[in-house]
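Worksheet for the structure shown next.
Hydrogens, waters and symmetry mates are skipped; everything else that's a heavy atom, side chains included, is used. So that the names make sense, note that chain A is the first sequence line, chain B the second, and so on, each numbered from 1.
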Amino acid sequence: MKDSLQALFSAALKNLVSSGVLDGIQVIEISFEQTKAKEHGDFATNIAMVLAKRAGMSPSELAPKITAAVPENDQIAKLEIAGPGFINIFIDHGVKFDVIERIQQEANAYGCSQSGEGQKILLEYVSANPTGPLHVGHGRGAAYGDTLSQLLTAVGYEVHKEYYVNDAGRQMDILATSVWLRYLQAVGEQFRFPANAYQGDYIVAMAGQLKESIGDKYRVDSQSLLNSINKMEDEIALDALISAAKEATADDYKAFFEVGLNTLVDDIRNDLEGFGVSFDEWFSERSLFADNAVQEAVDALAKLGYVEDRDGTLWFKSSDFGDEKDRVVVRENGMPTYLASDIAYHLNKFRRGFSHCINIWGADHHGYIPRVKAALQASGEDPDRLIVLLVQFASLYRGGEKVSMSTRSGQFVTLRELRDEVGNDAARFFYVQRKSEQHMDFDLDLAKSQTNENPLYYVQYAHARICSVFRQASERGIVYDLSVVGLAKLLHEDVEQQLAAKLAAFPEQIQVAADNYEPHQLTYFLRELATLFHRYYNSSNFLDVEPSVRNARLAMIAACRQVLSNGLTLIGVQAPEKM
RNA sequence: GCGCCCGUAGCUCAACCGGAUAGAGCAACGGCCUUCUAAGCCGUAGGUUACAGGUUCGAGUCCUGUCGGGCGCGCCA
């Protein structure tokens, strides 16, 4: 609808330019918005106010000239000038209901577009460190990222979904060492488990399995080991334990490492798949070292003169590119930092032929953006091709108290626990409902015990109700015809017009949500559509009416069902036929 | 101290990137089931959009400052 308005008003402005009323004004885009009040028509444009100054006349002078110049057409019933210079557009009654036929034809594809056609996007999200199960904080990124990928796909982009597995670095050593220590306990050693090793029960389970498969081959005397270590400061003690683990397990250290890593990555993958979130690729950080890509990335920057050796430490001069200070890429001991592998990773992404790379990061990583962009720019890439979307943390509340979480302490509510309690659909809808950069309070008691209050059920209920009407129709042997001939004459209730307008707005809603990376807009749209339907349901009878009216109303609610289903599918939740 | 995000009804959040009278849900109050699912509908009440300036036809939205909250400011990942 807006497209045809766009065409009509562009033509009007062109007419005004050629007739000399407007002088050499180039208008790129005219904005139309759906009106809130009925007396303002169906759409309104502010174009007269926008152009008034440049046209050298007041909006109220210009507006009538614009409306007079709009070409003859059968879409617009009436144009009115109102307020400070708005042009209110009243759409022809019959045209309003054309959308029902379009929905019938396009069915599952209604709402999709090709605006992103030919462009490939790499979308990286979740990417939680494989050091424990996903918790509810990760769930938000998972739901947000997955819905975003669906939206981008719906508007024509080719989306490649990727999970970056941080399987290198000290955290992995801590994980392997934690497994080994639990293994020692499993084979009979008695000692207090270090507070800064990973505490979770899943480590104990892994250690138990290792004991079954390899016996006590890697047992050491914990008393003599810990006597010396206990005197050290915590983090140094942990390093000493890592060394001890490597020494005790010798060539099989890798086995402890692998069992820890694989168990956790598999667990994360299963968890996400259960949540309806899948990835095209699980990209290993270690592979960047294996391919020498990290070294090559640092070398390349050095060759360009952006790496400086200061007392044996290599610094990337990121401050040359807007970062607040320079960053270490290779430590004095020769080990590359996390930034070094991340630079290599992003260069790898950029060179795989994507038009854009989108990262969904936790908001705590925001300070990291300038240095990664600096590295891309220094390497000769366009940093604007990297889009970082930040997701604020979800604060958890239980019994009115904020729950503090940390991975190492093992005290967190897992995503799996949340899914078991409230169900995938409710969890996904709940997460996606909030704008990503908005801080979010996740009340566990509310989500778990009062799931009926979740707006998801309201939307799903609308869908189920429509299905029920059609079920009733067939049970009662009612013959109906959903063809749209003469439809508009039979639908004249306010709510019917509002529904038609809402249904017609769906494609644009998807476009806006995708363009702005704001899936939450879709949840609000669906709620509003459901509200209109429920109102319709309560005010009008669909089956026990005269057959022609029945056909028209059934065609209307069938279109509603289609759009509700399309929208819910994009969010990744079910559209149930019964509730 | 510096940087990023945020501040909207009692609570949780919207507001179509500057538009007309700031909207929903929950909580509160009052109505609606012998007829298609009451997980629903209708109505009432609830606001100086943290505060103070500025930009313009017009500001919750943009700019400056103040206050308040979250996060970041490692040779951790």
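Using atom C1' as the reference point in both C13(B) and G7(B), the two lie 13 Å apart (nearest Å). Only the P atoms considered, G70(B) is 32 Å distant from G23(B), to the nearest whole Å. Taking the C1' atom of each, U35(B) and A45(B) are spaced 33 Å apart, rounded to whole Å. Spacing between U48(B) and A9(B) at atom P, rounded to whole Å, works out to 9 Å. When the P atom is compared between G19(B) and A59(B), the two are found 11 Å apart, to the nearest whole Å.
Taking the six-membered ring where the residue is Trp, the centroids of Tyr144(A) and Tyr517(A) are separated by 6.0 Å or more.
Relative to the six-membered ring of Tyr458(A), Arg527(A) meets both conditions, a distance below 6.0 Å and an angle of at most 45° to the axis. Relative to the six-membered ring of Phe430(A), Arg140(A) misses at least one condition, a distance below 6.0 Å or an angle of at most 45° to the axis. Both the sub-6.0 Å distance and the 45° axial angle are not jointly satisfied by Arg465(A) relative to the ring of Phe533(A).
Judged by atom type and distance alone, Thr337(A) does not reach the base of C75(B) through any side-chain donor-acceptor pair under 3.5 Å.
Summarising the geometry, atom CZ belonging to Arg535(A) is positioned 11.5 Å from atom OG belonging to Ser540(A); distances are rounded to the nearest 0.5 Å.
For Ala168(A), the side-chain contact (heavy atoms from CB on, under 4.5 Å) partners at least two apart in sequence or on another chain are Glu285(A), Arg286(A), Phe289(A).
No engagement by Gln511(A) is indicated, since no non-hydrogen atom pair under 4.0 Å with the nucleic acid exists. Within 4.0 Å (heavy atoms only), Asn541(A) reaches at least one base atom of the nucleic acid. Residue-level contact check: Gln472(A) touches the backbone only, with heavy atoms under 4.0 Å from sugar-phosphate atoms and none from bases. Arg527(A) comes within 4.0 angstrom of the backbone, heavy atoms only, and of no base. Residue contacts for Ser540(A): at a heavy-atom cut-off of 4.0 Å it reaches a base atom on one of the strands shown. Counting non-hydrogen atoms under 4.0 angstrom, Ala464(A) reaches a base of the nucleic acid.
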Trace of the side chain to side chain donor-acceptor pair (under 3.5 Å) decision for Gln460(A) with Asp425(A) = CA-CA 10 Å; Gln460(A) 288 184 322; Asp425(A) 286 356; 3.3 Å; yes
Spell out protein contact along nucleotides 13-20 of chain B as letters: B when the base is contacted, S when just the sugar-phosphate is, - when no protein heavy atom is under 4.0 Å; keep the 5' to 3' order.
-> SSSBB-BB
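Neither OP1 nor OP2 of C2(B) sits under 4.0 Å from any side-chain N or O of Lys325(A). Between A38(B) and Arg465(A), a contact under 4.0 Å exists linking OP1 or OP2 to a side-chain N or O. At the phosphate of C76(B), OP1 or OP2 sits under 4.0 Å from a side-chain N or O atom of Arg331(A).
Defined by atom type and a distance below 3.5 Å, a donor-acceptor pair is present between the side-chain atoms of Asn566(A) and Gln562(A).
C4(B) is paired with G70(B) under the Watson-Crick or G-U wobble criterion, all donor-acceptor distances under 3.5 Å. Pairing of A28(B), defined by two Watson-Crick or G-U wobble distances under 3.5 Å, is identified with U44(B).
Less than 4.0 Å separates RNA chain B from at least one heavy atom of each of the following residues of residues 364-372 of chain A: Asp364(A), His365(A), His366(A), Tyr368(A).
The residue among Glu332(A) and Tyr461(A) whose nearest nucleotide of RNA chain B is located toward the 5' end is Tyr461(A). Of the two residues contacting RNA chain B, namely Glu39(A) and Asp326(A), the nearest-nucleotide position lying further toward the 5' end is that of Glu39(A).
The aromatic rings of Phe32(A) and Phe9(A) lie perpendicular to each other, with more than 60° between the two planes, well past the 30° mark.
Summarising the geometry of Ala63(A) relative to Gly85(A), their closest heavy-atom pair is CB-O, 4.4 Å, with the distance given to 0.1 Å.
In this structure C67(B) sits in the anti conformation; its chi angle is more than 90° from 0.
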